[in-house]
Protein chains: 2
Amino acid sequence: MTRPPSDALLASGRPDPLWSRVAGSILAAVEAGQYPLGTRLPPERELCEQLDVSRVTLRRALAHLVEAGALTSHQGRGWFVSRPPRGDWPSSLESFSETAERLGLAASSTVVEAAREASSLDDAEALGIAPGTPVYRIRRIRHLDGVPTALDTAVVPEAAAPGLLDHDFTRESLYRAMQARGATVHRAESVLESRPADAAASEALQLGRGAPMLVIRQLVHDERGRAVLLSLVEYAGDRYRLRTTFTKGG
Amino acid sequence: MTRPPSDALLASGRPDPLWSRVAGSILAAVEAGQYPLGTRLPPERELCEQLDVSRVTLRRALAHLVEAGALTSHQGRGWFVSRPPRGDWPSSLESFSETAERLGLAASSTVVEAAREASSLDDAEALGIAPGTPVYRIRRIRHLDGVPTALDTAVVPEAAAPGLLDHDFTRESLYRAMQARGATVHRAESVLESRPADAAASEALQLGRGAPMLVIRQLVHDERGRAVLLSLVEYAGDRYRLRTTFTKGG
DNA sequence: AAGTGGTCTAGACCACCCC
DNA sequence: GGGTGGTCTAGACCACTTA
């Protein structure tokens with residue numbers, strides 16, 4: 001062994017795994033222009049020497065960067081930089097607050113409901129918990145510069161983020177609050193559809209009945225695969241667009 | 001080495017990597033009820049012996065099952081069955097033909113337009129080419145079991161996939177045709193919105209005027225970051241849902 | 001203290017690509 | 001043939017959990 005991993009951990013003072021720091025180094029080099037778009041990276045075995053890690057660790061870092069859309073591999077040819085330097089597009093779905101920031105608008109929320117209750121049969125089945133298990137239900141109207149734009153309903157198992165209701169969702173992001181309570185957000189199975197506004201939505205958002213709405217339903221999991229959030233967001237069709245980037249076959 | 005991997009590959013006749021087959025074995029055992037929901041799996045080192053693989057390979061299989069939502073790990077405690085995965089979730093946006101296959105419906109297309117023309121100012125700007133550069137414009141009505149479901153407009157620079165119009169888009173997938181002509185599909189910047197049907201869409205899809213439509217606009221790049229396709233798909237809101245998985249922050 | 005997952009290493013062999 | 005990524009192994013040490 002050329003270098004005990006514990007040395008690096010102590011030296012850097014960071015708790016991140018080695019492969020994660022390696023991924024960061026490579027990404028930094030790409031973004032610094034050392035490897036321009038479309039060019040080939042040095043061979044894996046060479047990168048191992050440069051970065052002083054084993055090939056397994058290096059490949060774990062590279063796999064992470066593929067996931068992030070920054071690199072592509074071609075068997076027998078090499079690793080290539082695939083991401084254009086434009087940082088304008090989110091790699092996952094752009095959140096409401098991120099969108100507001102990008103557009104230079106003020107995001108705010110009106111909390112319509114914030115309660116702890118027994119989970120319904122439907123919610124329990126979706127979340128993979130026993131019916132009746134305590135959940136938090138949070139319903140908000142979301143505004144852009146004061147204009148009501150979306151109706152947002154969230155259901156979170158109490159066990160996933162105990163004490164969640166202590167947060168003030170008028171200003172604070174739900175994701176950030178969940179993160180603070182120990183529920184990390186990782187993967188979201190999502191269904192998108194378009195349908196006419198129903199009575200509740202048209203009243204909350206001051207829309208005509210039957211106006212087109214963009215509806216996104218998500219089951220969000222943490223890094224361990226546990227379902228931590230069931231989310232339904234109904235956007236006024238003429239007031240919002242969702243932006244995202246799909247990779248491979250999108 | 002206790003067992004050369006090539007033996008297993010030859011014996012099984014399958015090209016799948018070992019870790020993938022290991023993941024399949026474990027999933028099969030879970031689904032067969034050998035490890036009910038919430039129970040603990042045998043320790044990793046024990047599973048290694050049972051399945052006759054190294055720990056690295058086993059952990060790759062387990063990581064895959066976490067990603068699929070079937071398992072959860074707790075450091076120091078063990079691996080637990082978290083939820084039998086219901087249905088397949090696409091890692092990127094599910095394509096029209098994939099959706100049809102999942103639902104057991106027949107996908108077909110009517111080609112409304114397939115032409116080579118000079119690019120418009122708008123299209124040229126989006127694709128990053130000079131206005132007037134030759135492009136292919138392909139417009140299709142897409143059906144599920146004969147029901148018109150979406151209006152699909154695609155613009156492809158001729159240079160990205162020369163000879164593209166020789167394909168028959170009544171049956172063949174656009175992506176596959178582009179792949180065959182040398183345009184690999186990699187990343188798609190996407191905007192989703194909901195809006196009322198306009199005259200063209202309501203006629204093509206036999207919808208009432210103003211009926212909600214789900215609209216997705218995509219700028220698709222290849223692995224080198226070159227724009228290869230500008231796509232606009234308008235779905236009848238009451239006939240289609242988009243499914244996908246977002247990672248991190250969705 | 002023992003058991004368990006989390007990370008990392010060094011080395012090997014294979015399949016594919018290009019000269 | 002030589003270089004490159006793709007896969008797999010055996011063994012080691014660490015951190016966390018449980019008792």
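First the proteins, then the strands, lettered A, B, ... as listed; each starts at 1.
For the pair A:R55 and C:dA12, the criterion of a side-chain N or O lying under 4.0 Å from OP1 or OP2 is not met. Proximity of B:W79 to the phosphate of C:dT4: no side-chain N or O atom is located under 4.0 Å from OP1 or OP2. At D:dT9, one or more side-chain N or O atoms of B:T57 fall inside 4.0 Å of OP1 or OP2 (strictly under the cut-off). Considering only side-chain N and O atoms, B:S73 lies nowhere under 4.0 angstrom from the phosphate OP1 or OP2 of C:dT4.
One can place CG of B:D16 at 15 Å from P of C:dA15, the figure rounded to the nearest angstrom. Here the P atom of nucleotide D:dT4 and the CG atom of A:L47 are 11 Å apart, to the nearest Å. Taking atom NE2 of residue B:H74 and atom P of nucleotide D:dC16, one finds them 16 Å apart after rounding to whole Å. In this structure, A:E44 places its CD atom 14 Å from C1' of C:dC14, rounding to the nearest Å. For the pair A:R60 CZ and C:dA10 P, the computed distance is 16 Å after rounding to whole Å. Nucleotide C:dG5 holds its P atom 9 Å from the CG atom of B:L41, rounded to whole Å. Here the C1' atom of nucleotide C:dG6 and the CG atom of B:L62 are 12 Å apart, to the nearest Å. The nearest whole Å value for the distance from the CZ atom in A:R59 to the P atom in C:dT9 is 15 Å.
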Before you tell me yes or no, could you show the steps for B:F80 and B:Y35 under ring pair (Phe, Tyr, Trp, His ring centres under 6.0 Å), namely the whole-Å CA-CA distance, both residues' side-chain angles and the distance that decides it to 0.1 Å? CA-CA 9 Å; B:F80 298 84; B:Y35 307 114; over 10 Å; no
Using the side chain to side chain contact (heavy atoms under 4.5 Å, CB included) rule, take B:L229 and B:V155 through it: C-alpha gap first, then chi angles, then the decisive distance, then the call. CA-CA 6 Å; B:L229 165 65; B:V155 177; 5.9 Å; no
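Of the possible donor and acceptor atoms, one in the side chain of A:S173 sits under 3.5 Å from a partner among the backbone N and O of A:Y175. A side-chain donor-acceptor contact under 3.5 Å links B:S119 to the backbone of B:T133. For A:T72 (side chain) and A:S82 (main-chain N/O), no donor-acceptor pair under 3.5 Å exists by modelled atom type.
Set against D:dC8, C:dA10, C:dT7, the side chain of A:P17 has C:dT7 as its closest nucleotide.
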List, with names and distances, any nitrogen or oxygen atoms from the protein found under 3.5 Å away from nitrogen or oxygen atoms belonging to nucleotides 16-18 of chain C.
residue	atom	partner	partner atom	Å
C:dC16	O4'	A:Q75	OE1	3.2

DNA chain C in dot-bracket, Watson-Crick or G-U pairs under 3.5 Å, [ ] crossing, | other strand? ||||||||||||||||||.
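With hydrogens and angles left out, the side-chain atoms of A:H167 and A:R176 include no donor and acceptor closer than 3.5 Å.
Ion pairing of B:R142 with B:D152 is present here, as a side-chain N (NZ or NE/NH1/NH2) and a carboxylate O approach within less than 4.0 Å.
In this structure the side chain of B:L62 never reaches within 4.5 angstrom of the side chain of B:R60, judged on heavy atoms. Within the 4.5 Å cutoff, side-chain heavy atoms of B:L71 are placed close to those of B:V81.
In this structure, A:R45 reaches the bases: a heavy-atom distance under 4.0 Å links it to at least one base atom across the strands shown.
Of the two residues near DNA chain C, B:P43 and A:W19, the one whose nearest nucleotide lies more 5' is B:P43. When each of A:G78 and B:L58 is assigned the nucleotide of DNA chain D with its nearest heavy atom, A:G78 is the one assigned upstream, toward the 5' end.
Scanning both residues, A:M178 and A:V228, for their nearest heavy atoms gives CE-O, 3.4 Å.
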